[in-house]
Amino acid sequence: MALLQISEPGQSTAPHQHRLAVGIDLGTTNSLVASVRSGDVQTLPDEDGSHLLSSVVRYHEDGVEVGAVAAQHAITDPMNTIVSVKRFMGRGISDLRLLGNKLPYHFIDEDKAVPRIHTRGGDVSATEVSAEILKALKRRAVKTLGEEIQGAVITVPAYFDEAQRQATKDAATLAGLNVLRLLNEPTAAAVAYGLDSGQEGVIAVYDLGGGTFDISILRLNQGVFEVLATGGDSALGGDDFDHVIAEWILQQADYEADPEPQLVRLLMHASRNAKETLSEQTEADILIDADEIQWHGSLSRDQMDALIEPLIRKTLMSCRRALRDAEIGNQDIIEIVMVGGSTRVPHVRNKVGEFFECEPLVSIDPDRVVAIGAALQADVLVGNKTDEDMLLLDIIPLSLGIETMGGLSEKIIHRNTPIPVSRAQDFTTYKDGQTAMAVHVVQGERELVSDCRSLAHFELRGFPPQVAGAPRIRVTFQVDADGLLSVHAREENSGTEASVDVKPSYGLTDEEIESMLRASMDHAQEDMLARTLREEQVEAERVVEALDSAIKADAALLTDDERRLISETRDRLIAARVGDDPGLIKKAITELEAACEDFVARRMNTSIRKAMKGHSVDEYATED
Amino acid sequence: MAVTVTQAAADRINDFLANRGKGVGLRLGVKTTGCSGMAYVLEFVDELNPEDEVFEDHGVKVIVDRKSMVYIDGTELDFTKEGLNEGFQFNNPNEKAQCGCGESFTV
């Protein structure tokens, strides 16, 4: 017997065709699933009434465990218990090494682009581990909603690049979820507060989770959330609050030895409880009863505030940097959305409010706000809302383009373009008789390809040989609503085609991604010079190439003197080309063109004469 | 001629209406689709139509159009839980057979 939910007026569905959709917050530490039912958005609890699912997966010989049961074994069975897998999403092995030597996992790096973690249940990729978390959430949703779900909106950090987004989407596919859209986490939080239908302006989203801190500056403009800047600290969170409290307890108890892991766990647990108590009360009682320490005392809210003050200040420094990147002042912020369990700490709220000079939004549970925003968006996308409701758009965080001759990046879709979007640009060949073209897809703001991120390579092959510049090769970039990119190249004269979907190959560190934008500003001047230089170098090569093939074809038309002069000027150009003065190259090109002027004119006449041979002039006369 | 709602259903309906921020009540109805003849309709109501009848039970306005009334007269709307799932259920004395899923029925 199916249980019915209330629909919006006129939106009732036929039996078994319920448009059930969920929003999923796939977090580093915890994940959640939420859904809209009878017009009410709620996160869905499991059988034990717990809404948060620990993002921990433990592998056995014959199965997997997800959530709290798996998390209990993180310390005793570290090699088979994968925590914080989100940090590995879409990353190559070299990126993972940069994350430090602290990872206990045994990574397998064969020739594959995607590294795998060796567990007793087999070798698994980050995508597969994430899929297990998504499967657990999906099972919960199906049980709660009583039916299969039609689609899901999954949130990702605003700074996730194409590879990380694709990896997330792949994980959803593995879990059997139809992804309606990937949504930026800060955007989802803003949607949960209904800011998308509110006043236009700049919004800050302050997200302090268990182990990570993110600040995002968004601008709402005509229903589109544009990410102006992101920043944060991937190793700062509420766990660090617990840590400083634990250290304080050790100090109070005059314990000086290095505590054993068992004791550390006990201390962290007590600290966490004290921290949570102090969100409600001004005094917390702490009792440590271990073999090594027996200590009983109390911690006041003021004392805790003093302990965590330096950590909060660190987050505010990131906020200041993000504001500077976005080129706005803190008085421009009209709303601050608080996300993450650690924003329950009153001192965090006060300090953030002081910094941005406005009252932060805290009325929605900060652990659930992202999932709630995602569920609201999913409900709209699956078609449960009437026309006047939003169709929320996201934007491209970094420009997408292709490599052109000389290692230059030609941007096809510029950053901050709302998605979905499709843009095309025509390119041509560089050499006579060329029948293939390599397409190198890059992402970034810099002028030189070497300073951008490489996303994919593919080749368009087998178009008919033509003179340089004759083929028309149309390259189309398409970014779907999830921010995923496919690139398509087509030679228009012959219809030859090739395309690529951007798949995870290797990634950059958070810092690198964030600094890419900044670098494009810092290096604007030298990038411009580099571009001019490369352009002249490419032009020089083209001129020499064209000249050489002309001489090969029509050497007979040249006198010895002419040939010597042309050869000398050609050598000067080749010498100038390897230098780094674009002006000099340009001058040499002009000189060479001048030296060839007669030769070019003579070739033209010869070929016209050849073409006209056997015809009378009358045949070419225009008819009156 | 009447339809009723249980206390549990009334409480939830009031919660949902308050949460939604608008709406005068809840529409119960039928439409002729579904694998077994008829399907139940359960919708929020923002505006009344001329052919609507309004009942009030446990502080909830229940709206039924005259055509649907023929099929659901005497129905009690309940709110129940089945494991993690929860939702509304039509206890309809006119039902002769259900499709097994309870979403459509014949009279």
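In the text below, chain A, chain B and the rest are named by the order of the sequence lines, each starting its count at 1.
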### Task
Apply side-chain contact (heavy atoms from CB on, under 4.5 Å) to B/L26 and A/I6, showing your working.
CA-CA 8 Å; B/L26 185 71; A/I6 311 173; 3.4 Å; yes
### Residues of residues 130-142 of chain A near chain B, each having a heavy atom less than 4.5 Å away
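The stretch touches chain B at A/R140.
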### Task
Please answer whether the main-chain N or O of A/G39 pairs with a side-chain N or O of B/N19 as donor and acceptor at a distance below 3.5 Å.
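Judged by distance alone, yes, a pair lies under 3.5 Å.
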### Task
Return yes if some donor-acceptor pair links the side-chain N/O of A/R37 with the main-chain N/O of B/E86 below 3.5 Å, else return no.
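The answer is yes, because a donor-acceptor pair under 3.5 Å joins these two groups.
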### Task
Check B/F88 against A/Q5 and note the closest heavy-atom contact, atom names and distance.
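Looks like CD1-CA, 4.5 Å.
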### Message
Ignoring hydrogens, what is the shortest heavy-atom contact between B/N85 and A/T144? Give both atom names and the distance.
### Response
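Looks like OD1-O, 2.7 Å.
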### With sequence neighbours excluded, residues passing salt bridge (Lys or Arg N to Asp or Glu O under 4.0 Å) with A/E47
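A/E47: salt bridge (Lys or Arg N to Asp or Glu O under 4.0 Å) contacts with A/K143.
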### Message
What part of B/R27 gets within 4.5 angstrom of chain A, counting heavy atoms only: side chain, backbone, both, or neither?
### Response
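Neither part; nothing is under 4.5 Å.
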### Query
Nearest 0.5 Å, what's the CG-OG distance between B/L42 and A/S38?
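If we round to the nearest 0.5 Å, B/L42:CG and A/S38:OG are 7.0 Å apart.
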### Message
Counting neighbours of CD on B/E56 that are heavy atoms of other residues, nucleotides or ligands and sit closer than 6.0 Å, is the number greater than 12?
### Response
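It does: B/E56 CD has more than 12 such atoms within range.
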